[in-house]
Amino acid sequence: MLPLELIRRDPDRVKRAARLKGEEAPIDEILALDRGWREHLHAAETVKAEQNRLSKEFAKTRDDALKERLREMADQAKSELAEAEAVKHELDDLLLRVPNVFHESVPVGETEKDNLVVREVGSKRELGFAARTHYDLGETLGIMDFEHAARVSGSRFAFLIGEGARLERALVQFMLDTHTREHGYVEVLPPVLVNSASMTGTANLPKFGADAFRIEGQDLWLVPTAEVPLTNFHRDEILDGDRLPLKYVAYTPCFRSEAGAAGKDTRGFIRLHQFSKVELVKVTSAETSMAEFEHLLADAEVILQRLGLHYQVMLMCSGDMGFAQFKKYDLNAWCPGLGRYLEVSSCSVFNDFQAMRANLRYRPARGAPPSFAHTINGSGLALTRTIDAIIETYQRADGTIEVPEALLPYMGGLEVIGRRSS
RNA sequence: GGAGAGGUGGCCGAGUGGUUGAAGGCGGCGGUCUCGAAAACCGUUAUGGGUCACUGGCCCAUCGAGAGUUCGAAUCUCUCCCUCUCCGCCA
């Protein structure tokens, strides 16, 4: 969330940022509640201070009249404080609904059409025959199965089978190895059920609860991304500054109900209620976050480069970047069969927006007062769509799929997916 | 899931309802001593918030969380969470 102090000092900046993001921000209500809260709090504390003082006196004198007066003061302080807290709750609730501001380098715009292509790497592969989609190829080869998934779970689920499942496992291994051995991330296997406080910490709550799956009757949610457990790992802590940046990588399933997206990408292995992702998370100091953000983006790009996939780096405009992000890049991989790019990674920096919600701080130097950390995350990469891009890019005229060179060590000698072994 | 024990500051660990925001120790920081270091000794060492005559002061809150009893709660009561031990169940 944003510091209340920022909203007091520069409400217009916050309003403007929200408008350019296409979000609502109840700034005037917040300012009114803020005034009310401080009035009641001041009243309560004044009475309480006097009560504390007289209470010590009472310990000596045991004066009955004083006791009666103290009883009244206690009631008064209690009711003022209750009033202050009620207003503060309302205030905090609204604060959690104020979107983050954004970095000066973010282009102002309304829709995805206003996003900026920062660079393109590689080029669209010429196949020399009519490209087929990953779901056509996948179903034909028997490595993807949507029909049985619909029976077992419902729509927007999928099975990977045989060499398809093997491909995902190889990719996971490849990505984790690259990020841990070469990029210095610590591998983590987190819980995939998290509580509401964690969901609030990363700003998935209160606004986006409808996009997530909740466990009935319990305060538990299925993680929409490993960002939630990784970023909340240090919630309510004060870290030593010299431990930063912290770098974590985790492979987890991700669960999204995607309520608002019905009808979009219904075909194929693209937008599912459950998908796998390798996620990168960094916790940094305020000074280094923007540079660490660019590094994280580069770490994710390495995966695409090694897989030999053509992709573009897209800088998201204000209107398309989301509630919590300070700046965001998408990595879009080219899929010849679909004839379009698929988003395989989304990399974001949040400045202290998440850290304030999660109360995640660090001490810049010995004895210095704590500051809120900066948080960064990005997919490195989403497995499902990376598989789509690989299948469509490496397909051969006979409908089999070549295994990208980088994955050969992870595929146990398999060089072509779908080749008859007879 | 059943039975029991316990959750105190960066860490360990005292704590009788009333100068206890909290003894003591460790660690950290500053200093004395020293050619320097160690040791020893002295001092200092939480977080959040409000407020003011605002490079400082004053006030409030915080001893797992929440509620209660009381003029006053780390200390008494209740609920919840977590940890540990034993049993059960399981991967």
Side-chain angles (χ1 to χ4, degrees), chain A residues 1-9 30-96 189-201 205 214-221 229 232-244 246 252-253 283 285-286 352-373:
Chain A
M1 62 186 162
L2 296 176
L4 183 52
E5 200 243 333
L6 170 66
I7 296 174
R8 280 179 198 153
R9 182 162 37 84
I30 285 174
L31 290 173
L33 287 169
D34 179 40
R35 281 190 293 273
W37 167 57
R38 282 191 285 177
E39 267 172 38
H40 287 295
L41 186 63
H42 188 67
E45 288 190 350
T46 305
V47 175
K48 190 72 186 168
E50 183 69 357
Q51 185 199 344
N52 285 346
R53 203 176 61 75
L54 291 178
S55 195
K56 280 176 194 158
E57 206 172 304
F58 174 79
K60 296 176 200 145
T61 63
R62 303 275 167 180
D63 180 75
D64 278 347
L66 185 53
K67 181 171 179 173
E68 186 51 39
R69 178 144 169 248
L70 279 167
R71 200 195 304 269
E72 286 165 17
M73 292 179 80
D75 287 346
Q76 196 190 343
K78 196 176 286 185
S79 76
E80 281 291 350
L81 195 64
E83 192 68 32
E85 271 169 7
V87 177
K88 187 63 160 63
H89 271 132
E90 221 176 313
L91 174 59
D92 286 340
D93 196 61
L94 287 185
L95 269 178
L96 290 174
L189 202 148
V192 296
L193 287 170
V194 298
N195 57 32
S196 296
S198 295
M199 289 287 278
T200 304
L205 287 178
R214 193 202 319 230
I215 305 301
E216 193 175 345
Q218 298 194 47
D219 182 34
L220 287 171
W221 302 74
N232 280 282
F233 184 88
H234 294 287
R235 176 150 53 82
D236 293 320
E237 286 184 20
I238 302 174
L239 300 160
D240 284 338
D242 51 23
R243 286 182 65 193
L244 303 181
L246 298 169
T252 67
V283 177
S285 67
D352 59 1
F353 189 81
Q354 289 184 324
M356 284 194 70
R357 293 169 158 255
N359 191 29
L360 198 185
R361 293 171 295 171
Y362 71 103
R363 214 177 283 284
R366 278 249 150 63
S371 317
F372 285 104

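Predicted model, so just to flag it, every value in this text is computed and none were measured. Quick note on labels: first sequence line is chain A, next is B, and so on, each numbered from 1.
- When the P atom of G10(B) is taken as reference, atom CG of Asp236(A) falls 13 Å away, rounded to whole Å.
- Between Arg71(A) and Glu68(A), at least one side-chain N (NZ, or NE/NH1/NH2) sits under 4.0 Å from a carboxylate O, which counts as a salt bridge.
- Across G15(B) and G7(B), the matching C1' atoms stand 15 Å from one another, rounded to whole Å.
- Nucleotides A22(B) and U62(B) place their P atoms 14 Å apart, quoted to the nearest Å.
- A distance-only check finds a donor-acceptor pair linking the side chain of Asp63(A) to the backbone of Ala65(A) [under 3.5 Å].
- Atom CD in Glu83(A) sits about 18 Å away from atom P in G50(B), given to the nearest Å.
- If you check U75(B) for Watson-Crick or wobble pairing at under 3.5 angstrom, you find it has no partner at all.
- For U45(B) and C52(B), the C1' atoms lie 27 Å apart once the distance is rounded to whole Å.
- With both ends at atom C1', the span from A65(B) to G28(B) equals 30 Å, rounded to whole Å.
- Contact check for Leu205(A) versus Leu96(A): no side-chain heavy atoms found under the 4.5 Å cut-off.
- Atoms CG (Leu41(A)) and P (G49(B)) sit 12 Å apart, rounded to a whole Å.
- Rounded to whole Å, atom P of G49(B) lies 13 Å from atom CG of Leu95(A).
- If you check G30(B) for Watson-Crick or wobble pairing at under 3.5 angstrom, you find it paired to C42(B).
- For the residue pair Ser198(A) and Asn195(A), a side-chain donor N or O sits within less than 3.5 Å of a side-chain acceptor on the partner.
- A distance of about 40 Å separates the C1' atoms of C29(B) and U85(B), rounded to the whole Å.
- When the P atom is used for both G31(B) and G36(B), the distance is 13 Å, rounded to whole Å.
- Here, U70(B) and U75(B) have their P atoms 16 Å apart, quoted to the whole Å.
- For the P atom pair drawn from G10(B) and G88(B), the interatomic distance equals 40 Å after rounding to whole Å.
- Using Watson-Crick or G-U wobble geometry with both donor-acceptor distances under 3.5 Å, C86(B) finds its partner in G2(B).
- In this structure U55(B) sits in no base pair that meets the Watson-Crick or G-U test at under 3.5 Å.
- In this structure, Arg53(A) pairs ionically with Glu50(A), as a charged nitrogen and a carboxylate oxygen lie closer than 4.0 Å.
- Taking the ring-ring contact (aromatic ring centres under 6.0 Å, His included) definition, one finds that Tyr362(A) meets it with nothing, sequence neighbours left out.
- A residue-by-residue look at Ile238(A) and Arg8(A) shows that Ile238(A) has its nearest nucleotide of RNA chain B further toward the 5' end.
- No more than 12 heavy atoms of other residues, nucleotides or ligands sit less than 6.0 Å from atom CZ of Phe233(A).
- Rounded to whole Å, the distance from CD on Glu237(A) to P on G9(B) is 14 Å.
- Between Met356(A) atom CE and G48(B) atom P the separation is 11 Å, expressed in whole Å.
- Applying the 4.0 Å criterion to OP1 and OP2 of G10(B), one finds that Arg363(A) has every side-chain N and O outside that range.
- Of the possible polar contacts, none joining the Arg363(A) side chain to the Ile238(A) backbone as a donor-acceptor pair under 3.5 Å is found.
- Atom CG in Asn359(A) sits roughly 8 Å away from atom P in G48(B) (whole-Å rounding).
- When Watson-Crick and G-U wobble pairs are counted only if both distances are under 3.5 Å, U47(B) pairs with A61(B).
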Exercise. Could you run through nucleotides 60-82 of chain B and give me one letter per nucleotide, 5' to 3': B if any protein heavy atom sits under 4.0 Å from the base, S if only the sugar-phosphate is that close, - if neither?
Key: BS---------BS----------
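- Atom NZ in Lys60(A) sits about 10 Å away from atom C1' in G18(B), given to the nearest Å.
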